[in-house]
Amino acid sequence: MNPRFQRNLGILDEESMQKVADTHVLVAGVGGAGGQCAVDLARLGFGWVTLADFDVYEVHNANRQIGSFDSTLGQHKIEVVGNMCQDVNPELRLRKVAEGVTEGNIDSLLSGFDGKPVDYVVEAIDIAGARAKEWLHQECRKRGTVVMTALMLGFGAALHVFQPEAPLYEDLYILPDGRIDLPKIIPGLGSYVVREHWDACFAGRGHAPTCIVGATTAAGMMVSEIMRGILLGRDEMVSYPEYLYVDFFDHRYIRGSVATA
């Protein structure tokens, strides 16, 4: 056993740890939730990780993104997060795709590398990247690959997992003008939110309000659901039309269905 992960014993047994080490996860978007998720995967002992992101750190990332420091401003997120992952585990098999998710690289992204295809996909692409989300979700359905996304929502997050038989993302959550239908995919907002900022975000103006608690919560939800898929089977994952929503400030935990929301 790799001594870096021996303290996972007792939560996982040795057989489960080997399953984790043999699993390949693609993290598309390594900003807030995605960057935290990537480092969480490394610390759990995942053996194969692909990171895809084209962006660099800006000062406004500091409130929520794990690799954002004054010392990393202007640096590519994929390099900073990738280095963090390999600093956790130098034996990690890591691929970095600096152009992010494009229509032309979807096939190679999910085909994996060194003969190891992607088993699970974390889709943490910024809301401005609706087209990239479409391409990624389409290819996951074609390949029979589970893809998930978690939205950072204040002091909580909402998790959506899509099995291959789920409807396409664009049929569910993309508006005719190409924007994401945020009110439809967000099951709730905290009692503390400043409504005018969220209304502007829903209308396609301004940024999506979020903070570090939302980022770490979203990452934890996605990593935990991948673990359920590995250890219990895909049928035990909370998948569309079901979703999970948690808010630690309001002490809310909901397992709901978009069909009845």
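Here the structure is a predicted model, which is why all the values come from computation and not from measurement.
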Engineer: Take atom CZ in Phe54; do more than 12 heavy atoms of anything else shown fall under 6.0 Å from it?
Structural biologist: no

Engineer: For the atom pair CG (Asp114) and CZ (Arg93), what is the distance rounded to the nearest 0.5 Å?
Structural biologist: 8.0 Å

Engineer: Of Glu170, Glu103, Lys133, which meets side chain to side chain donor-acceptor pair (under 3.5 Å) against Gln138?
Structural biologist: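 With Gln138 as partner, Glu170, Glu103, Lys133 yield a single side chain to side chain donor-acceptor pair (under 3.5 Å), made by Glu170.
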
Engineer: On the 0 to 90° scale, with breaks at 30° and 60°, tag the Phe202-Trp198 ring pair as parallel, tilted or perpendicular.
Structural biologist: tilted

Engineer: Heavy-atom count around Glu14 CD within 6.0 Å, excluding the residue itself: above 12?
Structural biologist: no

Engineer: Can you list every side chain to side chain donor-acceptor pair (under 3.5 Å) pair that touches residues 199-209, not counting sequence neighbours?
Structural biologist: Arg195-Asp199

Engineer: Where the side chain of Asn61 meets the backbone of Ser68, is there a donor-acceptor pair that is under 3.5 Å apart?
Structural biologist: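 No; zero donor-acceptor contacts below 3.5 Å.
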
Engineer: Is it true that Arg179 and Asp177 have a side-chain N and a carboxylate O under 4.0 angstrom from each other?
Structural biologist: yes

Engineer: Between the main-chain N or O of Val80 and the side-chain N or O of Tyr57, is there a donor-acceptor pair closer than 3.5 Å?
Structural biologist: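 No, the answer is negative, given that no donor and acceptor are paired below the 3.5 Å cut-off.
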
Engineer: Say whether, by atom type as modelled, one donor and one acceptor occur between the side chain of Gln65 and the main chain of Gly35 under 3.5 angstrom.
Structural biologist: no

Engineer: Sub-3.5 Å donor-acceptor pair from the side chain of His24 to the main-chain atoms of Lys116, do we have one?
Structural biologist: yes

Engineer: Quick one: closest heavy-atom pair of Leu109 and Ala52, and the distance?
Structural biologist: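 Scanning both residues completely, I find the closest heavy atoms to be CD2-CB, 4.2 Å.
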
Engineer: Is a donor on one side and an acceptor on the other found under 3.5 Å between the side chain of Arg143 and the backbone of Asp107?
Structural biologist: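 Yes, Arg143 side chain to Asp107 backbone: donor-acceptor pair under 3.5 Å.
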
Engineer: Give a yes or no answer on whether the side chain of Lys19 reaches the backbone of Ile230 with a donor-acceptor pair at less than 3.5 Å.
Structural biologist: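 No, the answer is negative, given that no donor and acceptor are paired below the 3.5 Å cut-off.
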
Engineer: Say whether, by atom type as modelled, one donor and one acceptor occur between the side chain of Arg228 and the main chain of Glu236 under 3.5 angstrom.
Structural biologist: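 A pair under 3.5 Å: yes.
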
Engineer: Sub-3.5 Å donor-acceptor pair from the side chain of Arg141 to the main-chain atoms of Pro167, do we have one?
Structural biologist: yes

Engineer: Once rounded to the nearest 0.5 Å, what's the spacing between atom CG of Asp13 and atom CG of Asn8?
Structural biologist: 11.5 Å

Engineer: If hydrophobic clusters are built by linking Ile, Leu, Val, Met, Phe, Trp and Tyr wherever their side-chain heavy atoms come under 4.5 Å apart, do Tyr243 and Leu168 end up in the same one?
Structural biologist: no

Engineer: OG1 of Thr217 to CE of Met222: how many Å apart, nearest 0.5 Å?
Structural biologist: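 Here the interatomic distance stands at 10.5 Å.
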
Engineer: Out of Thr145, Val121, Val147, Val97, which one pairs with Leu26 under the side-chain contact (heavy atoms from CB on, under 4.5 Å) rule?
Structural biologist: Val121

Engineer: Between Glu242 and Leu244, is there a donor-acceptor pair closer than 3.5 Å when you use the side chain of the first and the backbone of the second?
Structural biologist: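 Flag not set: sc Glu242 to bb Leu244 has no pair under 3.5 Å.
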
Engineer: For the residue pair Asn105 and Thr102, confirm or rule out a side-chain donor-acceptor distance under 3.5 Å.
Structural biologist: yes

Engineer: When rounded to the nearest 0.5 angstrom, what distance separates CG in Leu94 from CH2 in Trp48?
Structural biologist: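 Answer for the CG-CH2 pair, Leu94 versus Trp48, is 11.5 Å.
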
Engineer: Please determine whether a side-chain nitrogen of the Lys or Arg among Arg234 and Asp119 lies less than 4.0 Å from a carboxylate oxygen of the Asp or Glu.
Structural biologist: no

Engineer: Has Lys96 got a side-chain atom pairing as donor or acceptor with Glu79's backbone, closer than 3.5 angstrom?
Structural biologist: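 A pair under 3.5 Å: no.
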
Engineer: Might you confirm whether atom CG of Asp171 has over 12 heavy atoms from other residues, nucleotides or ligands at distances under 6.0 Å?
Structural biologist: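 Yes, enclosed.
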
